[in-house]
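Reading through the structure tokens given below for one structure.
Every value quoted in this text rests on a predicted model; they were computed, and no experiment measured them. Because only heavy atoms are used, hydrogens play no part in the values below, and waters and symmetry mates are left out as well, while side chains stay in.
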Amino acid sequence: SMQALSPEMLRNLLVVCGLAAASAFSAPSVLPRANVRASVAKGPSMQAMSEAIPFLPKPKNIDDSMAGYSGFDPMGFSDYYDVKYLREAEIKHGRICM
């Protein structure tokens, strides 16, 4: 048979759970060391990275001078479709949804 928790045990359990939850928001006590190989890894330079998604390369077919440019093209649609067509379709769909 199950026993009921005493008020003192319940209070202790809540304190422990609260401390465990609070520790999720604290900084780690030991920071990971950067690997030397990571600093010399091959890949796109920082100038060629997307502003919107920093770990993806900058889209080649999107012009920086376009209004609202942030380098957001994670699926690579600009490689297959004209960017002007995509912009017009986005405006059209946005107006229909309103």
Side-chain angles (χ1 to χ4, degrees):
S1 73
M2 292 188 62
Q3 294 180 350
L5 292 176
S6 69
E8 186 177 334
M9 284 183 71
L10 186 59
R11 182 178 52 87
N12 290 339
L13 180 64
L14 289 175
V15 168
V16 169
C17 290
L19 289 174
S23 69
F25 297 103
S26 66
S29 59
V30 178
L31 296 175
R33 299 185 78 195
N35 190 352
V36 176
R37 289 184 64 116
S39 64
V40 293
K42 301 290 184 211
S45 65
M46 287 305 291
Q47 288 79 21
M49 300 305 281
S50 170
E51 293 174 20
I53 307 172
F55 55 86
L56 290 180
K58 178 181 172 186
K60 293 174 275 197
N61 299 325
I62 298 180
D63 186 16
D64 294 357
S65 64
M66 293 178 69
Y69 171 79
S70 65
F72 186 78
D73 187 18
M75 302 298 281
F77 288 125
S78 65
D79 295 336
Y80 302 104
Y81 300 104
D82 183 26
V83 176
K84 293 178 184 176
Y85 171 79
L86 294 172
R87 181 175 49 182
E88 185 178 337
E90 184 175 2
I91 292 171
K92 178 182 175 183
H93 291 118
R95 288 178 179 165
I96 289 172
C97 289
M98 283 196 268

Item to check | Transitive ILVMFWY side-chain link L10 to V15, under 4.5 Å | outcome: no
Drop me the distance from [X]'s [atom1] to [Y]'s [atom2], to the nearest 0.5 angstrom.
{"X": "L13", "Y": "R11", "atom1": "CG", "atom2": "CZ", "answer": "11.5 Å"}
{"X": "K92", "Y": "R95", "atom1": "NZ", "atom2": "CZ", "answer": "11.0 Å"}
{"X": "F77", "Y": "Y85", "atom1": "CZ", "atom2": "OH", "answer": "11.5 Å"}

Item to check | Single hit among D79, D82, L86 for side-chain contact (heavy atoms from CB on, under 4.5 Å) with N61 | outcome: D79
Item to check | Side-chain donor or acceptor of S78 paired with backbone N/O of I62 under 3.5 Å | outcome: no
Checklist entry - Which atom pair, heavy atoms only, marks the closest approach of P59 to S50? => result CD-CB, 4.5 Å
